[in-house]
**Q** 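Structure incoming, see below.
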Number of protein chains: 2
Amino acid sequence: MNKIKGNIADQTLCPVARAESVVGDRWTVLILRELFMRMHRFEEIQAQTGATPQMIAARLKKLEADGIVKRRVYNKRPLRHEYQLTEKGEAFYPVILALRAWGETWCKSPKEGRAVTYTHLTCGKPAGLGPACESCGKPLHREDLVAEQAPKYRREREARWDAFKANR
Amino acid sequence: MNKIKGNIADQTLCPVARAESVVGDRWTVLILRELFMRMHRFEEIQAQTGATPQMIAARLKKLEADGIVKRRVYNKRPLRHEYQLTEKGEAFYPVILALRAWGETWCKSPKEGRAVTYTHLTCGKPAGLGPACESCGKPLHREDLVAEQAPKYRREREARWDAFKANR
DNA sequence: GCTTGTTACTATGATTTTCATAGCAAATAT
DNA sequence: ATATTTGCTATGAAAATCATAGTAACAAGC
(Lines give C-alpha, C1' and ligand atoms only; values in the text may rest on other atoms or scores of the structure.)
Protein backbone atom coordinates (compact mmCIF):
# COMPACT_ATOMS: atom_id res chain seq x y z
CA MET A 1 0.00 0.00 0.00
CA ASN A 2 1.04 3.53 -0.65
CA LYS A 3 1.55 5.69 2.37
CA ILE A 4 1.92 9.37 1.76
CA LYS A 5 3.54 9.81 5.13
CA GLY A 6 1.95 11.94 7.72
CA ASN A 7 2.93 11.22 11.25
CA ILE A 8 4.27 14.56 12.34
CA ALA A 9 0.59 15.29 12.63
CA ASP A 10 0.29 13.60 15.97
CA GLN A 11 3.43 15.16 17.35
CA THR A 12 2.65 18.81 16.90
CA LEU A 13 -0.03 21.27 17.84
CA CYS A 14 0.61 23.22 14.65
CA PRO A 15 -2.51 23.23 12.47
CA VAL A 16 -0.52 23.89 9.32
CA ALA A 17 1.56 20.76 9.86
CA ARG A 18 -1.60 18.79 10.65
CA ALA A 19 -3.26 20.01 7.50
CA GLU A 20 -0.18 19.33 5.40
CA SER A 21 0.02 15.76 6.59
CA VAL A 22 -3.36 15.34 4.93
CA VAL A 23 -3.20 17.58 1.87
CA GLY A 24 0.51 18.31 1.53
CA ASP A 25 0.85 16.77 -1.85
CA ARG A 26 0.42 18.13 -5.33
CA TRP A 27 -1.81 15.33 -6.61
CA THR A 28 -4.04 15.50 -3.57
CA VAL A 29 -4.67 19.19 -4.10
CA LEU A 30 -5.32 18.72 -7.81
CA ILE A 31 -7.80 15.96 -7.00
CA LEU A 32 -9.56 18.29 -4.59
CA ARG A 33 -9.63 20.97 -7.27
CA GLU A 34 -11.40 18.54 -9.60
CA LEU A 35 -13.90 17.58 -6.92
CA PHE A 36 -14.65 21.27 -6.34
CA MET A 37 -15.15 21.56 -10.10
CA ARG A 38 -17.75 18.81 -9.73
CA MET A 39 -15.76 16.11 -11.47
CA HIS A 40 -16.71 13.04 -9.49
CA ARG A 41 -15.43 10.13 -11.52
CA PHE A 42 -12.09 8.42 -11.38
CA GLU A 43 -11.57 8.79 -15.11
CA GLU A 44 -12.33 12.49 -15.14
CA ILE A 45 -9.94 13.13 -12.30
CA GLN A 46 -7.27 11.07 -13.99
CA ALA A 47 -7.68 12.84 -17.30
CA GLN A 48 -7.64 16.37 -15.87
CA THR A 49 -4.84 15.93 -13.36
CA GLY A 50 -2.61 13.82 -15.58
CA ALA A 51 -1.68 11.56 -12.68
CA THR A 52 -1.30 7.82 -13.12
CA PRO A 53 -4.16 5.64 -11.92
CA GLN A 54 -2.15 4.45 -8.91
CA MET A 55 -1.49 7.99 -7.82
CA ILE A 56 -5.19 8.79 -8.02
CA ALA A 57 -6.23 5.55 -6.36
CA ALA A 58 -3.78 5.96 -3.49
CA ARG A 59 -4.73 9.60 -2.92
CA LEU A 60 -8.45 8.93 -3.05
CA LYS A 61 -8.02 6.07 -0.59
CA LYS A 62 -6.15 8.30 1.81
CA LEU A 63 -8.59 11.17 1.36
CA GLU A 64 -11.39 8.76 2.17
CA ALA A 65 -9.53 7.44 5.24
CA ASP A 66 -9.00 11.04 6.36
CA GLY A 67 -12.70 11.82 6.03
CA ILE A 68 -12.37 14.35 3.22
CA VAL A 69 -13.91 12.30 0.47
CA LYS A 70 -16.68 9.75 0.42
CA ARG A 71 -17.50 7.14 -2.19
CA ARG A 72 -21.01 6.76 -3.50
CA VAL A 73 -22.38 3.98 -5.66
CA TYR A 74 -23.82 5.42 -8.85
CA ASN A 75 -24.18 2.14 -10.68
CA LYS A 76 -24.87 -1.31 -9.24
CA ARG A 77 -23.96 -3.62 -12.09
CA PRO A 78 -21.20 -3.23 -12.84
CA LEU A 79 -20.41 -1.69 -9.47
CA ARG A 80 -19.28 1.89 -9.97
CA HIS A 81 -18.44 4.57 -7.47
CA GLU A 82 -18.13 8.29 -7.64
CA TYR A 83 -16.22 10.51 -5.27
CA GLN A 84 -17.73 13.35 -3.31
CA LEU A 85 -16.51 15.84 -0.76
CA THR A 86 -17.61 15.40 2.82
CA GLU A 87 -18.29 18.37 5.07
CA LYS A 88 -14.63 18.36 6.03
CA GLY A 89 -13.73 18.32 2.35
CA GLU A 90 -16.10 21.18 1.52
CA ALA A 91 -14.56 23.16 4.35
CA PHE A 92 -11.28 23.08 2.48
CA TYR A 93 -12.65 25.47 -0.13
CA PRO A 94 -11.14 28.63 1.36
CA VAL A 95 -7.69 27.11 0.93
CA ILE A 96 -8.33 26.38 -2.74
CA LEU A 97 -9.71 29.88 -3.18
CA ALA A 98 -6.64 31.42 -1.53
CA LEU A 99 -4.36 29.25 -3.61
CA ARG A 100 -6.22 30.28 -6.74
CA ALA A 101 -5.93 33.95 -5.84
CA TRP A 102 -2.21 33.63 -5.26
CA GLY A 103 -1.72 31.58 -8.40
CA GLU A 104 -3.64 34.03 -10.58
CA THR A 105 -1.81 37.00 -9.13
CA TRP A 106 1.73 35.68 -8.83
CA CYS A 107 2.13 32.67 -11.09
CA LYS A 108 0.74 34.04 -14.35
CA SER A 109 1.46 36.89 -16.69
CA PRO A 110 -1.47 39.33 -16.63
CA LYS A 111 -2.22 38.93 -20.33
CA GLU A 112 -2.98 35.25 -19.87
CA GLY A 113 -6.28 36.06 -18.22
CA ARG A 114 -8.19 34.19 -15.57
CA ALA A 115 -8.98 30.51 -15.95
CA VAL A 116 -12.31 30.91 -14.17
CA THR A 117 -14.34 33.96 -13.22
CA TYR A 118 -16.89 33.92 -10.45
CA THR A 119 -20.13 35.80 -10.21
CA HIS A 120 -21.36 36.50 -6.70
CA LEU A 121 -25.01 35.45 -6.57
CA THR A 122 -25.60 37.60 -3.48
CA CYS A 123 -24.95 40.82 -5.40
CA GLY A 124 -25.02 39.59 -8.98
CA LYS A 125 -21.62 41.06 -9.77
CA PRO A 126 -18.06 39.76 -10.31
CA ALA A 127 -16.62 38.24 -7.16
CA GLY A 128 -12.95 38.79 -7.96
CA LEU A 129 -10.28 36.72 -6.26
CA GLY A 130 -11.66 36.78 -2.71
CA PRO A 131 -11.79 36.11 0.14
CA ALA A 132 -14.28 39.01 0.06
CA CYS A 133 -16.40 39.92 -2.95
CA GLU A 134 -14.71 42.69 -4.94
CA SER A 135 -18.13 44.13 -5.80
CA CYS A 136 -20.06 44.08 -2.52
CA GLY A 137 -17.33 43.38 0.02
CA LYS A 138 -19.09 40.46 1.67
CA PRO A 139 -17.15 37.27 2.44
CA LEU A 140 -17.43 34.72 -0.36
CA HIS A 141 -19.03 31.33 0.17
CA ARG A 142 -18.89 28.55 -2.36
CA GLU A 143 -22.66 28.19 -2.57
CA ASP A 144 -23.02 31.84 -3.61
CA LEU A 145 -20.59 31.57 -6.49
CA VAL A 146 -21.27 30.74 -10.10
CA ALA A 147 -18.15 29.78 -11.99
CA GLU A 148 -17.52 30.51 -15.62
CA GLN A 149 -14.55 28.99 -17.35
CA ALA A 150 -12.68 31.12 -19.84
CA PRO A 151 -13.06 29.70 -23.37
CA LYS A 152 -9.33 29.05 -23.52
CA TYR A 153 -9.44 27.11 -20.29
CA ARG A 154 -12.51 25.16 -21.38
CA ARG A 155 -10.77 24.20 -24.58
CA GLU A 156 -7.71 23.16 -22.63
CA ARG A 157 -9.80 20.83 -20.49
CA GLU A 158 -11.68 19.41 -23.44
CA ALA A 159 -8.41 18.75 -25.20
CA ARG A 160 -7.10 16.87 -22.19
CA TRP A 161 -10.22 14.77 -22.06
CA ASP A 162 -10.06 13.99 -25.77
CA ALA A 163 -6.39 13.08 -25.57
CA PHE A 164 -7.09 10.82 -22.62
CA LYS A 165 -9.95 9.06 -24.40
CA ALA A 166 -7.95 8.77 -27.59
CA ASN A 167 -5.17 6.56 -26.31
CA ARG A 168 -6.90 3.76 -24.49
CA MET B 1 20.38 18.91 -8.59
CA ASN B 2 17.05 18.35 -7.03
CA LYS B 3 14.06 19.18 -9.14
CA ILE B 4 10.72 19.15 -7.45
CA LYS B 5 9.01 18.82 -10.80
CA GLY B 6 6.75 21.53 -11.96
CA ASN B 7 6.15 21.62 -15.62
CA ILE B 8 2.40 21.27 -15.75
CA ALA B 9 2.63 24.90 -14.79
CA ASP B 10 3.37 26.04 -18.29
CA GLN B 11 0.76 23.85 -19.88
CA THR B 12 -2.31 24.96 -18.02
CA LEU B 13 -4.16 28.15 -17.32
CA CYS B 14 -5.26 26.78 -13.95
CA PRO B 15 -3.90 28.96 -11.14
CA VAL B 16 -4.18 26.15 -8.60
CA ALA B 17 -1.93 23.92 -10.70
CA ARG B 18 0.48 26.81 -11.23
CA ALA B 19 0.62 27.49 -7.50
CA GLU B 20 1.04 23.81 -6.68
CA SER B 21 3.99 23.46 -9.01
CA VAL B 22 5.68 25.98 -6.74
CA VAL B 23 4.39 25.16 -3.26
CA GLY B 24 2.84 21.72 -3.71
CA ASP B 25 5.09 20.03 -1.26
CA ARG B 26 4.89 19.48 2.44
CA TRP B 27 8.40 20.70 3.27
CA THR B 28 7.97 23.82 1.18
CA VAL B 29 4.85 24.80 3.05
CA LEU B 30 6.46 24.08 6.42
CA ILE B 31 9.43 26.23 5.44
CA LEU B 32 7.06 29.04 4.52
CA ARG B 33 5.31 28.61 7.86
CA GLU B 34 8.63 29.10 9.62
CA LEU B 35 9.44 32.17 7.56
CA PHE B 36 6.06 33.64 8.47
CA MET B 37 6.92 32.90 12.10
CA ARG B 38 10.04 34.99 11.54
CA MET B 39 12.52 32.15 11.67
CA HIS B 40 15.07 33.21 9.10
CA ARG B 41 18.01 30.89 9.64
CA PHE B 42 18.71 27.57 8.01
CA GLU B 43 19.24 25.88 11.36
CA GLU B 44 16.00 27.15 12.84
CA ILE B 45 14.03 26.00 9.85
CA GLN B 46 15.73 22.64 9.94
CA ALA B 47 15.06 22.18 13.63
CA GLN B 48 11.41 23.18 13.52
CA THR B 49 10.42 21.34 10.36
CA GLY B 50 12.39 18.19 11.05
CA ALA B 51 13.50 17.96 7.42
CA THR B 52 16.99 16.89 6.45
CA PRO B 53 19.41 19.62 5.42
CA GLN B 54 19.20 18.56 1.76
CA MET B 55 15.45 18.86 1.78
CA ILE B 56 15.69 22.36 3.23
CA ALA B 57 18.53 23.38 0.93
CA ALA B 58 16.75 22.13 -2.19
CA ARG B 59 13.44 23.77 -1.24
CA LEU B 60 15.05 27.08 -0.33
CA LYS B 61 16.94 27.07 -3.60
CA LYS B 62 13.75 26.47 -5.53
CA LEU B 63 11.82 29.04 -3.51
CA GLU B 64 14.55 31.54 -4.30
CA ALA B 65 14.47 30.63 -7.99
CA ASP B 66 10.70 31.06 -7.95
CA GLY B 67 11.01 34.50 -6.38
CA ILE B 68 9.33 33.66 -3.10
CA VAL B 69 12.36 33.84 -0.87
CA LYS B 70 15.45 36.01 -0.96
CA ARG B 71 18.77 35.50 0.78
CA ARG B 72 20.36 38.27 2.74
CA VAL B 73 23.85 38.38 4.17
CA TYR B 74 23.71 38.88 7.91
CA ASN B 75 27.35 38.12 8.58
CA LYS B 76 30.33 38.69 6.30
CA ARG B 77 33.04 36.59 7.88
CA PRO B 78 32.18 33.83 7.96
CA LEU B 79 29.65 34.43 5.20
CA ARG B 80 26.17 33.72 6.52
CA HIS B 81 22.79 34.19 4.93
CA GLU B 82 19.30 34.43 6.24
CA TYR B 83 16.13 33.78 4.31
CA GLN B 84 13.36 36.28 3.91
CA LEU B 85 10.06 36.40 2.13
CA THR B 86 9.77 38.55 -0.97
CA GLU B 87 6.58 40.39 -1.81
CA LYS B 88 5.42 37.29 -3.67
CA GLY B 89 6.21 35.25 -0.60
CA GLU B 90 4.38 37.61 1.74
CA ALA B 91 1.39 37.42 -0.58
CA PHE B 92 1.14 33.74 0.19
CA TYR B 93 -0.01 34.52 3.72
CA PRO B 94 -3.75 34.09 3.04
CA VAL B 95 -3.09 30.51 1.98
CA ILE B 96 -1.25 29.76 5.21
CA LEU B 97 -4.06 31.43 7.15
CA ALA B 98 -6.70 29.38 5.37
CA LEU B 99 -4.71 26.22 5.90
CA ARG B 100 -4.35 27.08 9.57
CA ALA B 101 -8.09 27.67 9.91
CA TRP B 102 -8.88 24.35 8.28
CA GLY B 103 -6.25 22.51 10.30
CA GLU B 104 -7.44 23.96 13.60
CA THR B 105 -11.05 23.20 12.80
CA TRP B 106 -10.81 19.81 11.13
CA CYS B 107 -7.50 18.21 12.05
CA LYS B 108 -7.53 18.64 15.82
CA SER B 109 -9.74 17.64 18.70
CA PRO B 110 -11.29 20.75 20.25
CA LYS B 111 -9.73 20.16 23.65
CA GLU B 112 -6.23 20.42 22.21
CA GLY B 113 -6.59 24.17 21.88
CA ARG B 114 -5.08 26.56 19.38
CA ALA B 115 -1.36 26.58 18.71
CA VAL B 116 -1.37 30.34 18.13
CA THR B 117 -3.95 33.02 18.82
CA TYR B 118 -4.00 36.32 17.00
CA THR B 119 -4.99 39.71 18.29
CA HIS B 120 -6.26 42.14 15.70
CA LEU B 121 -4.41 45.42 16.20
CA THR B 122 -7.07 47.32 14.29
CA CYS B 123 -9.73 46.58 16.93
CA GLY B 124 -7.59 45.25 19.77
CA LYS B 125 -9.63 42.07 20.05
CA PRO B 126 -9.17 38.39 19.15
CA ALA B 127 -8.98 37.85 15.40
CA GLY B 128 -10.22 34.24 15.34
CA LEU B 129 -9.41 32.01 12.38
CA GLY B 130 -10.10 34.49 9.57
CA PRO B 131 -10.20 35.45 6.80
CA ALA B 132 -12.22 38.22 8.51
CA CYS B 133 -11.71 39.31 12.10
CA GLU B 134 -14.17 37.53 14.36
CA SER B 135 -14.43 40.64 16.54
CA CYS B 136 -14.78 43.52 14.09
CA GLY B 137 -15.49 41.72 10.82
CA LYS B 138 -12.77 43.44 8.82
CA PRO B 139 -10.50 41.40 6.55
CA LEU B 140 -7.32 40.33 8.30
CA HIS B 141 -3.91 41.45 7.11
CA ARG B 142 -0.69 40.06 8.43
CA GLU B 143 0.66 43.41 9.51
CA ASP B 144 -2.35 43.99 11.77
CA LEU B 145 -1.95 40.72 13.63
CA VAL B 146 -0.03 40.02 16.81
CA ALA B 147 0.58 36.33 17.36
CA GLU B 148 0.73 34.65 20.71
CA GLN B 149 1.85 31.06 20.96
CA ALA B 150 0.05 28.82 23.42
CA PRO B 151 2.41 27.76 26.24
CA LYS B 152 2.12 24.16 25.15
CA TYR B 153 3.09 25.03 21.62
CA ARG B 154 5.96 27.22 22.76
CA ARG B 155 7.29 24.38 24.87
CA GLU B 156 6.95 22.03 21.92
CA ARG B 157 9.06 24.31 19.78
CA GLU B 158 11.65 24.85 22.48
CA ALA B 159 11.91 21.11 22.98
CA ARG B 160 12.50 20.62 19.26
CA TRP B 161 15.22 23.24 19.28
CA ASP B 162 16.91 21.72 22.32
CA ALA B 163 16.74 18.23 20.83
CA PHE B 164 18.24 19.51 17.60
CA LYS B 165 21.09 21.28 19.39
CA ALA B 166 21.71 18.31 21.62
CA ASN B 167 22.70 15.85 18.94
CA ARG B 168 25.22 17.61 16.83
C1' DG C 1 -22.00 -16.28 -28.12
C1' DC C 2 -18.36 -13.45 -29.48
C1' DT C 3 -16.15 -9.34 -30.17
C1' DT C 4 -15.85 -4.55 -28.78
C1' DG C 5 -16.39 -0.89 -25.44
C1' DT C 6 -16.65 1.19 -20.80
C1' DT C 7 -15.01 2.20 -16.18
C1' DA C 8 -12.12 1.56 -12.47
C1' DC C 9 -8.71 0.21 -11.17
C1' DT C 10 -4.01 -3.27 -10.26
C1' DA C 11 0.78 -5.10 -11.69
C1' DT C 12 5.41 -4.44 -13.05
C1' DG C 13 9.96 -2.84 -13.49
C1' DA C 14 12.83 1.30 -14.34
C1' DT C 15 13.75 5.88 -12.61
C1' DT C 16 13.73 9.40 -9.26
C1' DT C 17 13.22 11.17 -4.61
C1' DT C 18 13.75 10.92 0.03
C1' DC C 19 15.80 9.56 4.25
C1' DA C 20 19.32 8.70 7.78
C1' DT C 21 23.78 9.33 8.77
C1' DA C 22 28.09 11.31 8.30
C1' DG C 23 31.25 14.82 7.04
C1' DC C 24 33.27 19.27 5.52
C1' DA C 25 34.44 24.29 5.29
C1' DA C 26 35.26 28.63 7.08
C1' DA C 27 35.49 30.98 10.41
C1' DT C 28 35.40 32.52 15.80
C1' DA C 29 36.18 31.52 20.64
C1' DT C 30 39.05 29.47 24.24
C1' DA D 1 45.92 24.17 19.04
C1' DT D 2 41.40 22.60 19.82
C1' DA D 3 36.52 23.10 20.18
C1' DT D 4 32.37 25.23 18.57
C1' DT D 5 29.13 27.40 15.44
C1' DT D 6 26.60 27.59 11.18
C1' DG D 7 25.36 26.15 6.79
C1' DC D 8 25.43 23.29 4.16
C1' DT D 9 27.20 18.67 0.80
C1' DA D 10 28.11 13.45 0.14
C1' DT D 11 26.72 8.79 0.25
C1' DG D 12 24.14 4.69 -0.09
C1' DA D 13 19.84 2.41 1.29
C1' DA D 14 14.79 2.71 1.24
C1' DA D 15 10.66 4.38 -0.61
C1' DA D 16 7.80 6.77 -3.91
C1' DT D 17 6.78 7.77 -8.63
C1' DC D 18 6.43 7.07 -13.47
C1' DA D 19 5.26 4.93 -17.95
C1' DT D 20 3.25 1.20 -19.71
C1' DA D 21 0.50 -2.68 -19.77
C1' DG D 22 -3.09 -5.54 -18.18
C1' DT D 23 -7.32 -7.22 -15.57
C1' DA D 24 -12.15 -7.49 -13.90
C1' DA D 25 -16.84 -7.02 -14.47
C1' DC D 26 -20.15 -6.12 -16.95
C1' DA D 27 -23.18 -3.94 -21.34
C1' DA D 28 -24.21 -3.59 -26.14
C1' DG D 29 -24.05 -4.73 -30.84
C1' DC D 30 -23.75 -8.11 -34.42
Side-chain angles (χ1 to χ4, degrees), chain A residues 1-8 20-21 24-31 34-35 39-64 69-84 161-168, chain B residues 1-8 20-21 24-31 34-35 39-64 69-84 161-168:
Chain A
M1 200 196 296
N2 233 337
K3 279 167 209 170
I4 286 143
K5 173 133 190 193
N7 24 17
I8 320 137
E20 280 296 295
S21 83
D25 171 274
R26 210 159 58 85
W27 296 131
T28 301
V29 175
L30 293 182
I31 288 170
E34 289 307 312
L35 292 173
M39 307 304 270
H40 300 291
R41 314 261 273 252
F42 194 96
E43 245 195 332
E44 297 171 320
I45 295 170
Q46 193 190 340
Q48 294 301 329
T49 59
T52 61
Q54 302 98 301
M55 293 290 101
I56 308 285
R59 293 323 185 274
L60 283 172
K61 208 163 278 176
K62 182 158 193 288
L63 283 169
E64 201 187 348
V69 153
K70 55 178 184 276
R71 296 204 305 170
R72 228 203 40 149
V73 172
Y74 75 88
N75 196 40
K76 280 229 156 122
R77 344 205 64 241
L79 187 59
R80 294 280 181 258
H81 296 96
E82 64 177 16
Y83 297 90
Q84 290 182 317
W161 180 252
D162 292 346
F164 176 78
K165 284 271 131 180
N167 56 9
R168 44 175 276 110
Chain B
M1 203 194 295
N2 231 337
K3 277 166 211 176
I4 284 143
K5 175 135 188 184
N7 25 16
I8 318 138
E20 280 297 296
S21 83
D25 169 275
R26 211 159 58 81
W27 296 131
T28 301
V29 175
L30 293 183
I31 288 170
E34 289 306 313
L35 292 173
M39 308 304 270
H40 299 293
R41 314 260 273 252
F42 193 96
E43 249 197 327
E44 297 171 321
I45 294 169
Q46 192 189 341
Q48 293 301 329
T49 58
T52 61
Q54 301 97 302
M55 293 291 101
I56 309 284
R59 291 329 183 273
L60 282 173
K61 207 164 280 177
K62 182 159 193 287
L63 282 169
E64 202 187 346
V69 154
K70 56 178 183 278
R71 296 204 306 169
R72 226 205 41 149
V73 172
Y74 75 88
N75 196 40
K76 280 229 154 123
R77 342 206 66 239
L79 188 59
R80 295 282 181 255
H81 296 96
E82 64 177 16
Y83 298 89
Q84 291 182 315
W161 179 252
D162 293 345
F164 176 78
K165 284 271 128 179
N167 56 12
R168 48 175 271 109

**Q** Mapping A:Leu79 and B:Pro53 to their closest nucleotides on DNA chain C, which lands nearer the 5' end?
**A** A:Leu79

**Q** What's the CG-P distance between A:Asn75 and D:dA25, to the nearest Å?
**A**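 One finds 15 Å between P of D:dA25 and CG of A:Asn75, rounded.
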
**Q** Can you identify which nucleotide, out of C:dA27, D:dC18, C:dT10, has its nearest atom closest to the A:Trp27 side chain?
**A** D:dC18

**Q** Given atom CD1 of A:Ile56 and atom P of D:dT17, what is their separation to the nearest angstrom?
**A** 12 Å

**Q** Using only side-chain N and O atoms of B:Arg41, determine if any of them is under 4.0 Å from OP1 or OP2 of D:dG7.
**A** yes

**Q** Are more than 12 heavy atoms, taken from residues, nucleotides or ligands other than A:Lys165, located less than 6.0 Å from that residue's NZ atom?
**A** yes

**Q** Starting at the 5' end of DNA chain D, which residue's closest nucleotide do you reach first, B:Tyr74 or A:Gly50?
**A** B:Tyr74

**Q** In whole angstrom, give the distance that lies between atom CD of A:Glu82 and atom P of C:dA8.
**A** 9 Å

**Q** In whole Å, what is the span from the NZ atom of A:Lys165 to the C1' atom of C:dA8?
**A** 11 Å

**Q** Could you tell me how far apart B:Tyr83 (OH) and D:dG7 (C1') are, to the nearest whole angstrom?
**A** 7 Å

**Q** Is there, by distance only and without an angle test, a donor paired with an acceptor across the side chain of A:Gln54 and the base of C:dT12 below 3.5 Å?
**A**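 Checked by distance alone, the answer is yes.
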
**Q** Is the side chain of A:His40 donor-acceptor paired with the backbone N or O of A:Tyr83 at a distance under 3.5 Å, no angle test?
**A** yes

**Q** Any chance you could lay out the side chain to side chain contact (heavy atoms under 4.5 Å, CB included) test for B:Glu34 and B:Glu44, step after step, and finish with the verdict?
**A** CA-CA 8 Å; B:Glu34 289 306 313; B:Glu44 297 171 321; 6.0 Å; no

**Q** Whole angstrom is fine here: how far is it from NE2 in A:His81 over to P in D:dC26?
**A**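 In whole Å, D:dC26 P lies 13 Å from A:His81 NE2.
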
**Q** Where do A:Leu30 and A:Trp27 land on the side chain to side chain contact (heavy atoms under 4.5 Å, CB included) test, with the steps shown first?
**A** CA-CA 5 Å; A:Leu30 293 182; A:Trp27 296 131; 3.9 Å; yes

**Q** Can you tell which of C:dA22, D:dG7, C:dA27 lies closest to the side chain of B:Pro78?
**A** C:dA27

**Q** For B:Ile31 and D:dG7, give me the distance from atom CD1 to atom C1', rounded to whole Å.
**A** 14 Å

**Q** Find the distance B:Phe164:CZ to D:dC8:C1' and express it as a whole number of Å.
**A** 11 Å

**Q** Examine D:dG7: is either OP1 or OP2 under 4.0 Å from a nitrogen or oxygen in the side chain of B:Lys61? Give yes or no.
**A**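 No.
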
**Q** Could you work out which one of D:dA27, D:dC8, C:dA20 sits closest to the side chain of B:Arg71?
**A**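 The listed nucleotide nearest to B:Arg71's side chain is D:dC8.
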
**Q** Answer with base, sugar-phosphate or nothing: what part of the nucleic acid does B:Lys76 contact at a heavy-atom distance below 4.0 Å?
**A** nothing

**Q** Applying a 4.0 Å non-hydrogen cut-off, can you work out what B:Arg80 is touching in the nucleic acid: base, sugar-phosphate, or nothing?
**A**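 Answer is base: heavy atoms of B:Arg80 come under 4.0 Å of a base.
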
**Q** May I ask you to say whether A:Arg72 pairs ionically with A:Glu82, meaning some side-chain N is under 4.0 Å from a carboxylate O?
**A**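 Yes.
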
**Q** Given D:dC18, D:dC8, C:dT10, identify the nucleotide with an atom nearest to the side chain of A:Ala57.
**A**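 Within the option list, the nearest is C:dT10.
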
